[in-house]
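Inspection log for the structure reproduced underneath, given as structure tokens.
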Amino acid sequence: MLTRFTVGNFRSFDKVQSLSMIAGSIQKHKERLFKAPDFKVLKFGALYGANASGKSNFVDAMQFALMILHFGTRTCDKESYFRLNSGNKKKNSYFEFEFVVDGKNFAYGFEILISEGTIIEEWLIELKPQKNKPLFSRNTETLKYDFNKDLIEKKSYERLSIYFDDYKSVRDKLFLGNLVSEKNDFIKNNPGLEILNDIYHWLFNINVSSPETPVTGYDCLTNKDSAKLLQSLKCFATGISDIKFNNVSKEQVLKDLPQKDRSRIEEQLTRFSACPHCRKKHAKSTLKINGNLFFATSKSKGLEFQEVLFEHNDVKDVLFSLGDESDGTQRLLDLLSVVLCKEKNTLFVIDEIDRCLHPQLTVYFVKKFLNFAKKKNIQLLISTHESHLLDLDILRQDEIFFVEKRNDGSSEIYPFDRFKERFDKKIEKPYLEGRYGGSPIFDDFFSFDDEV
């Protein structure tokens with residue numbers, strides 16, 4: 001479970017900013033909190049802010065950090081630092097996840113000089129009430145590194161030292177991702193290192209979605225229990241009566257694509273198929289191409305491809321592609337993966353959850369998730385403009401966050417519960433009037449002249 005995410009010098013974030021999912025002292029809706037050993041964790045968070053306030057940049061920061069973890073810095077955008085301060089090009093950017101895995105609280109993060117694609121520091125720490133326990137750290141400038149020897153067998157000390165000596169100056173990849181992906185035998189011979197495997201697996205399974213990308217890769221469509229999915233789709237009156245999966249070749253997937261797009265997708269598939277973790281889990285990669293939806297499954301013998309098609313109104317042999325469905329149905333198919341998720345301790349981060357959805361449907365979906373979260377250890381963090389959710393009968397005060405743009409163009413995150421409003425306060429109207437910030441303020445109306 002995520003307890004905090006921190007970012008600094010990335011897009012519109014200049015100074016270090018954090019969003020904390022640690023629950024406050026609020027008594028309402030306690031049944032949907034996750035109980036960690038020393039505190040309680042929120043399973044839901046809603047991020048509000050005006051357009052261009054920085055909501056999407058905060059979500060992108062998570063995605064950026066995870067992409068560096070999985071694939072290194074080779075393809076990172078080297079202009080993603082806070083560019084409104086000229087000195088920031090030469091300053092490190094900061095990314096850190098705090099989370100609970102196996103009943104313990106950890107912090108994993110790194111600093112990177114984005115303009116050069118250079119990793120400067122990396123660390124993993126077990127956070128404890130009295131004294132933190134560093135598990136490993138490294139600095140590629142000083143070439144210093146440290147590793148908690150309690151995690152490994154004595155016979156492995158020398159091998160680990162050699163490995164770290166070889167890796168201490170590697171500046172385009174993160175140690176955690178490399179150790180788990182490339183050193184499986186070393187982990188197997190040192191059971192204490194399994195916690196690193198668990199931590200990487202938790203990070204690997206974070207689902208981050210921008211408005212242009214799927215939330216979960218349409219994971220609900222791969223669920224073996226398709227009856228619940230079909231029942232849900234019928235409840236929402238989508239017209240879909242069945243889902244079909246047709247085996248196709250890679251050439252059929254990529255046909256009619258411009259060469260530039262084809263090369264990009266082939267590179268994405270190459271990275272995906274090369275990931276040992278993906279092969280081990282038979283992971284699926286989602287491809288939306290020209291209105292069609294494909295799944296690529298990583299197996300030991302290579303990639304296998306399937307196209308997803310839909311039957312309507314029980315009419316057999318008439319199949320529709322994803323692109324034939326309405327934008328709302330496509331969005332709903334994706335969101336249902338959240339409430340039908342069977343993975344434990346999974347985090348979903350959705351930017352602009354209300355895109356393509358009726359306001360009442362957005363509120364209804366969130367209510368369904370909150371009810372679902374009472375029974376499942378699953379988290380959902382969203383950004384939204386849907387003010388109907390600003391209802392303290394639905395949300396706790398500490399589940400609401402705001403992002404606001406400062407005068408210098410940088411973004412600031414702050415929690416709603418700092419305003420200390422009563423639990424029965426009606427907050428939608430004050431929010432729209434600008435009382436809490438995080439909403440647009442217009443200096444004047446733009447008037448149109450009749451004459452051109």
Side-chain angles (χ1 to χ4, degrees), residues 2 4-7 10-14 17-24 26 28-29 32 42-63 208-211 215 331 335 338 347-370 373 379-407 409-442:
L2 180 74
R4 192 188 315 271
F5 179 71
T6 304
V7 59
F10 179 81
R11 301 274 176 85
S12 62
F13 291 94
D14 183 12
Q17 297 283 308
S18 294
L19 185 149
S20 173
M21 297 289 284
I22 296 176
I26 297 160
K28 203 167 187 179
H29 302 306
R32 63 177 184 240
L42 302 170
K43 294 183 181 180
F44 179 81
L47 195 59
Y48 283 85
N51 293 107
S53 61
K55 301 187 305 299
S56 294
N57 289 336
F58 186 80
V59 173
D60 288 346
M62 283 192 176
Q63 184 70 288
V208 183
S209 164
S210 69
V215 176
R331 185 67 166 167
L335 290 174
V338 177
L347 168 65
F348 297 94
V349 184
I350 306 177
D351 191 15
E352 296 186 19
I353 192 173
D354 42 336
R355 180 178 62 83
C356 299
L357 297 181
H358 188 281
Q360 289 184 345
L361 183 55
T362 302
V363 174
Y364 180 74
F365 176 82
V366 170
K367 285 181 176 179
K368 284 295 182 184
F369 172 82
L370 294 173
Q379 280 180 303
L380 176 61
L381 177 62
I382 66 171
S383 76
T384 183
H385 294 289
E386 185 47 70
S387 62
H388 288 22
L389 277 173
L390 290 172
D391 182 339
L392 297 183
D393 286 333
I394 301 174
L395 301 182
R396 293 165 50 98
Q397 290 96 316
D398 51 4
E399 291 174 329
I400 302 168
F401 305 88
F402 297 115
V403 182
E404 190 159 54
K405 190 68 70 72
R406 293 168 169 165
N407 291 334
S410 65
S411 297
E412 176 188 9
I413 297 178
Y414 54 93
F416 168 71
D417 63 355
R418 80 177 189 181
F419 294 99
K420 307 300 180 185
E421 295 284 26
R422 287 174 51 88
F423 70 91
D424 56 352
K425 172 81 173 181
K426 302 299 181 184
I427 64 173
E428 181 181 5
K429 187 173 182 289
Y431 165 71
L432 293 174
E433 292 172 346
R435 173 169 178 166
Y436 309 121
S439 58
I441 298 177
F442 307 105

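Numbers here simply count residues along the sequence, with the first being 1.
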key: Closest contact, heavy atoms only, Arg11 versus Asp60   = NH1-OD2, 2.9 Å

note = Minimal heavy-atom distance between Asp14 and Ser410, with the atoms involved, is CB-CB, 3.8 Å

ask   = Once you round to the nearest 0.5 Å, how far does CD of Gln379 lie from CZ of Phe369?
value = 8.0 Å

key: Pairwise distance CD1(Ile413) to NZ(Lys55) - rounded to 0.5 angstrom   = 11.5 Å

With sequence neighbours excluded, residues passing salt bridge (Lys or Arg N to Asp or Glu O under 4.0 Å) with Arg32 = Glu399

ask   = Rounded to the nearest 0.5 Å, how far apart are CZ of Phe13 and OG of Ser18?
value = 10.5 Å

Nearest non-hydrogen partners of Gly54 and Ser12, listed with the distance = CA-OG, 3.7 Å

ask   = Relative to the ring of Phe402, is the ring of Tyr414 parallel (under 30°), tilted (30 to 60°) or perpendicular (over 60°)?
value = tilted

message = Just by distance, no angles: are the side chains of Asp351 and Ser383 close enough, under 3.5 Å, to form a donor-acceptor pair?
response = yes

remark   = For His29 and Leu395, the nearest pair of non-hydrogen atoms, with its separation, is CD2-C, 4.4 Å

inquiry  = Can you list everything that forms a salt bridge (Lys or Arg N to Asp or Glu O under 4.0 Å) with Glu421? Sequence neighbours excluded, please.
reply    = Arg435

ask   = Which distance, rounded to the nearest 0.5 Å, do you find between the CD of Glu428 and the CG of Asp391?
value = 8.0 Å

ask   = What's the shortest heavy-atom distance between Ala52 and Lys405, and which atoms?
value = O-NZ, 2.6 Å

inquiry  = Would you say that Leu392 contacts Ile400 through its side chain, given a criterion of any heavy-atom pair below 4.5 Å between the two side chains?
reply    = yes

inquiry  = I want to check something: taking the side chain as every heavy atom from C-beta on, are Leu357 and Leu335 in contact at a cut-off of under 4.5 Å?
reply    = yes

inquiry  = Tell me if a side-chain donor or acceptor on Tyr48 pairs with a main-chain N or O of Gly437 at a distance below 3.5 Å.
reply    = no

remark   = The side chain to side chain contact (heavy atoms under 4.5 Å, CB included) partners of Asn407 (sequence neighbours excluded) come to none

key: Derivation of the side chain to side chain contact (heavy atoms under 4.5 Å, CB included) call for Ile26 and Phe423   = CA-CA 9 Å; Ile26 297 160; Phe423 70 91; over 6 Å; no

ask   = With a 4.5 Å heavy-atom cut-off, do Asn51 and His385 have their side chains touching?
value = yes

ask   = Does a sphere of radius 6.0 Å around CD in Glu433 hold more than 12 heavy atoms from other residues, nucleotides or ligands, not counting ones at 6.0 Å or beyond?
value = yes

query = So do Phe416 and Leu390 actually touch side chain to side chain, heavy atoms under 4.5 Å?
reply = no

query = Does a side-chain heavy-atom distance below 4.5 Å link Val403 with Asn57?
reply = no

query = Can you tell if the side chain of Leu370 reaches within under 4.5 Å of the side chain of Phe44, non-hydrogen atoms only?
reply = yes

ask   = What is the distance from atom CG of Leu380 to atom CZ of Phe365, rounded to the nearest 0.5 Å?
value = 6.5 Å

task = Please report the closest heavy-atom contact between Gln17 and Arg406, naming both atoms and the distance.
result = NE2-NH2, 3.6 Å

query = Mind checking whether Asp354 and Leu389 have side chains closer than 4.5 Å, heavy atoms only?
reply = no

Separation of Met21 CE from Leu347 CG (nearest 0.5 Å) = 7.5 Å

request  = Give a yes or no on whether Lys28 atom NZ has more than 12 heavy-atom contacts from other residues, nucleotides or ligands under 6.0 Å away.
outcome  = yes

ask   = Is a side-chain N or O of Tyr431 found less than 3.5 angstrom from the main chain of Gly438, in a donor-acceptor match?
value = yes

inquiry  = Quick check against the 3.5 Å criterion: does Ser20 have a side-chain atom that pairs as donor or acceptor with the backbone of Arg4?
reply    = no

query = Given the rule in the side chain to side chain contact (heavy atoms under 4.5 Å, CB included) test, do Met62 and Leu2 qualify, once you have shown the distances and angles that lead to the verdict?
reply = CA-CA 12 Å; Met62 283 192 176; Leu2 180 74; 3.8 Å; yes

pair Phe5-Val349: side-chain heavy atoms closer than 4.5 Å = no

